[in-house]
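Here's the structure, in structure tokens; my notes come after.
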Amino acid sequence: MAKKTSQNHKLSTINILDDHEFLTKLIVGIGEVAEITNIPQRKLRYWQEKGLIKTVDESGTTRRFNYLEIKKILLIKELLDEGFTLEAAANKVEKRIELINSTFKKFKNRHTE
DNA sequence: ATTCTTACA
DNA sequence: TGTAAGGA
């Protein structure tokens, strides 16, 4: 299990900023990801080898995943269940991420200038 | 204890 | 893909 942080005692209070901070800092090992997403480590390694998902550049030894990658993993799994091939599912997910990112980038520009 | 690679079913 | 072996 993930260890408690000193902030967890505030869990009774809904705090968007804490949630965001937690998610952006969250980096998980393959074991935990496999356990929680219910996807075998074997598959996660395979997907990563094929470049479908990335690991936090820890130049070497162990595979660690961040929020975005875990999100992709979940989406890919969903599409696989719907019948898409692994490649198709991965491409679809990438497209979605790109669309969302580029869209919000436009909003950012308007609200930042 | 956990993850990694390799290899074979 | 699942699993076992052997090393880190």
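- Distances shorter than 4.0 Å separate some side-chain N or O of A:Arg45 from OP1 or OP2 on B:dC4.
- Heavy atoms only, all atoms of each residue included: A:Ala34 and A:Pro40 are closest at CB-C, 4.3 Å.
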Atom pairs and distances, donor-acceptor, side-chain atoms in residues 62-74 of chain A, under 3.5 Å, two or more places apart:
| from | atom 1 | to | atom 2 | distance (Å) |
| --- | --- | --- | --- | --- |
| A:Arg63 | NH1 | A:Gln48 | OE1 | 2.5 |
| A:Arg64 | NE | A:Glu58 | OE1 | 3.4 |
| A:Asn66 | OD1 | A:Leu68 | N | 3.1 |
| A:Asn66 | OD1 | A:Glu69 | N | 2.9 |
| A:Glu69 | OE1 | A:Lys54 | N | 2.8 |
| A:Glu69 | OE2 | A:Lys72 | NZ | 3.3 |
| A:Lys72 | NZ | A:Glu94 | OE2 | 3.0 |

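- Here the P atom of nucleotide B:dT3 and the CD atom of A:Glu32 are 9 Å apart, to the nearest Å.
- Computed from coordinates, the A:Tyr46 OH to B:dC4 P distance equals 17 Å when rounded to whole Å.
- DNA chain B forms stems at B:4-9 with C:1-6, each a run of 3 or more consecutive Watson-Crick or G-U wobble pairs whose two key distances fall under 3.5 Å.
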For residues 95-107 of chain A, tabulate all N or O donor-acceptor pairs below 3.5 Å that involve a side-chain atom, not counting sequence neighbours.
| from | atom 1 | to | atom 2 | distance (Å) |
| --- | --- | --- | --- | --- |
| A:Ser102 | OG | A:Glu98 | O | 3.0 |
| A:Ser102 | OG | A:Leu99 | O | 3.1 |
| A:Thr103 | OG1 | A:Leu99 | O | 2.6 |

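- With rounding to the nearest 0.5 Å, the separation of CD1 in A:Ile30 from NZ in A:Lys43 is 13.0 Å.
- Protein atom CD1 of A:Ile30 is 9 Å distant from nucleotide atom C1' of B:dC4, rounded to whole Å.
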All N/O pairs under 3.5 Å across the protein-nucleotides 2-6 of chain C interface:
| from | atom 1 | to | atom 2 | distance (Å) |
| --- | --- | --- | --- | --- |
| C:dG2 | N7 | A:Arg42 | NE | 3.2 |
| C:dG2 | O6 | A:Arg42 | NH2 | 3.2 |
| C:dT3 | O4 | A:Arg42 | NE | 3.1 |

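- A search for side chain to side chain contact (heavy atoms under 4.5 Å, CB included) contacts involving A:Leu86 returns A:Tyr46, A:Trp47, A:Leu52, A:Ile76, A:Leu80, not counting sequence neighbours.
- Under the 4.0 Å criterion applied to side-chain N and carboxylate O atoms, A:Glu21 and A:Lys25 are assigned as salt-bridge partners.
- Atom CD in A:Glu49 sits roughly 12 Å away from atom P in C:dT1 (whole-Å rounding).
- Residue A:Val33 is grouped with residue A:Leu26 when hydrophobic side chains (ILVMFWY) are merged at heavy-atom distances under 4.5 angstrom, including chains of intermediate members.
- Among residue pairs with one or both ends in residues 74-90 of chain A, those qualifying as side-chain hydrogen bond (donor to acceptor under 3.5 Å, both in side chains) are A:Lys50-A:Glu87; sequence neighbours excluded.
- Placement of A:Ile53 and A:Leu23 within a single hydrophobic cluster is found when ILVMFWY residues are connected by side-chain heavy-atom separations under 4.5 Å, directly or transitively.
- Non-hydrogen atoms lying under 4.0 Å from DNA chain B are contributed by A:Thr61, A:Thr62, A:Arg63, all within residues 61-75 of chain A.
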